[in-house]
There are 2 protein chains.
Amino acid sequence: MQSRTPASRTGRPRSAAADTAILAATREALVELGWSKLTLSDVATRAGVAKTTLYRRWAGKNELVVDAVAELFDELELPDLGSLAADIEGVVLQFAAILARPEARSGLMAVVAESTRDDALRERIRASIVDRQMRLVLQGRARAQHRGELPPEPDPEQAARTVDLIFDMVAGAVVHRTLVSGKPADEEWVHSFIRILLLGLVGAARTP
Amino acid sequence: MQSRTPASRTGRPRSAAADTAILAATREALVELGWSKLTLSDVATRAGVAKTTLYRRWAGKNELVVDAVAELFDELELPDLGSLAADIEGVVLQFAAILARPEARSGLMAVVAESTRDDALRERIRASIVDRQMRLVLQGRARAQHRGELPPEPDPEQAARTVDLIFDMVAGAVVHRTLVSGKPADEEWVHSFIRILLLGLVGAARTP
DNA sequence: GGCATTACGCTACGACTCGTAGCGAAAGCT
DNA sequence: AGCTTTCGCTACGAGTCGTAGCGTAATGCC
């Protein structure tokens, strides 16, 4: 999480209960106050710990919220529904459900905005949130190629570019729909979206 | 801009020069400080106006930054390069160039994040930033249908849904590529992206 | 058991930002 | 002229930040 593996063996260990309480309190405060009005003092009070304890574990608001929001994405996993289209629709609906939660809406975009000026924060987001989503794309693509729904890509460099592109298209569209357009990414929308995406992918694979 | 049409006819008029100076100073501060460290006092000093003048015109940081960033999107327009694919690639590259600028990167995501808890702010963003982009999608679609590159859509409700979907796919992918993945939306990427998108669109139009 | 080490809760602190109020002067209009 | 609104300036209370210092609590090692 926020601490590297303890090289220190001696001394009083950090309370694991405090960690979970703080992260839960952070999400609760995100729901009630939003990003800008969230203060670390308030989170500490909610979690029942001292403010100094918070600062001993996290460098600041950014890092704390990244960890608090990252836990929301833990439940994300690729279902096996028999076809690539159904699998993708399933995982995209999960993703949309997470983004519909207020603690994700207010927190995620805020830390992404901050990460444009903070490379360490960008890396933290990538490692704890984005990579988890990216793995689903890789997994789904491999399964589809095994099923024969997508042709295999011999050039690994080209394959990497394609996976990146698919990832940006999927995550970007859902995020934009939910947070910018402010409309729900419901089943009907996801179905239309995935239909266009897959038609485009198989079309592109047919005519290189 | 930020003030409704002046119902007040008498008295000293507001300085238009101050407006442009303030918005320019805001963008400058966004570049140097980023969203979180930007203060209204600092902007006022840079613009050479008093802090109170700022508060007379804008309700707060959110509204000010929305107006400052919105001006960046004024230059967006749909080129006429002969084909739908070329037109879209052209406008998407313009869009990507704007998002590559640091004042847009740090400002845009931050106000979007704030807008998740502030409906008035969301509406302000929609009116001054998003609508301008949406009009390009409508324009490009109409032109493509006139050229015969896309079939006409008889059902207006279905057409509206499709335009919304295209908009979220295009804007979402570019924003995600630029701000989350942190990689440039260069010509090669845009070309691959638009190719898949258009293949999907014509494929979906063929098999309804 | 005693000891070293680290985490914890608590209080207090200077530095900073926020948004507003009050003032006199300036710039328009009729 | 006189009226009205904006402007620059100063000052202010309220709130937040991040840190320091202290005594206490919980563990590992001898």
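This one's a predicted model, so the numbers in the text were calculated from it and none came from an experiment. By convention in this document, chain letters (A, B, ...) are assigned in the order of the sequence lines, proteins followed by strands, and residues within each chain are numbered from 1. Excluded from the calculations below are hydrogen atoms, water molecules and symmetry mates; all remaining heavy atoms, backbone and side chain alike, are included.
With rounding to whole Å, Trp58(A) atom CH2 is found 16 Å from dC17(D) atom P. When the P atom of dC18(C) is taken as reference, atom CG of Leu40(B) falls 6 Å away, rounded to whole Å. One atom, CG of Leu64(B), and another, C1' of dG19(C), lie 15 Å apart when rounded to the nearest Å. Distance, Arg56(B) CZ to dA26(C) P: 16 Å, rounded to whole Å. Rounded to whole angstrom, the span from the CZ atom of Arg46(B) across to the P atom of dG8(D) amounts to 18 Å. When the C1' atom of dT6(D) is taken as reference, atom OH of Tyr55(B) falls 18 Å away, rounded to whole Å. For the pair Leu33(A) CG and dT16(D) P, the interatomic distance rounds to 10 Å; values are reported in whole Å. As a whole-Å value, the separation of Lys37(A) NZ from dT17(C) C1' is 16 Å.
Base engagement by Thr52(B) is indicated by at least one non-hydrogen atom pair under 4.0 Å involving a base atom.
The closest donor-acceptor contact from the side chain of Arg177(A) to the backbone of Asp168(B) lies at 3.5 Å or more, if one exists at all.
The Thr10(A) side chain lies nearest to dT5(C) when the options are dC10(C), dT5(C), dC7(D). Of the candidates dC18(C), dC8(C), dG8(D), dC18(C) carries the atom nearest the Ser41(B) side chain, counting heavy atoms from C-beta on.
The pair Asp67(A)-Arg27(A) fails the salt-bridge criterion, with no side-chain N (NZ, NE, NH1 or NH2) lying under 4.0 Å from an Asp/Glu carboxylate O. Ion pair Arg46(B)/Glu32(B) flagged as a salt bridge, since at least one NZ, NE, NH1 or NH2 atom sits closer than 4.0 Å to an Asp/Glu carboxylate oxygen.
Looking at every heavy atom in both residues, Leu40(B) comes nearest to Leu54(B) through O-CD1, 3.3 Å.
Across the interface with DNA chain C, nearest-nucleotide mapping of Lys51(B) and Arg12(B) shows Lys51(B) to be the residue nearer the 5′ end. Nearer to the 5' terminus of DNA chain D, by closest-nucleotide assignment, is the contact made by Thr53(B) (compared with the other of Asp42(A) and Thr53(B)).
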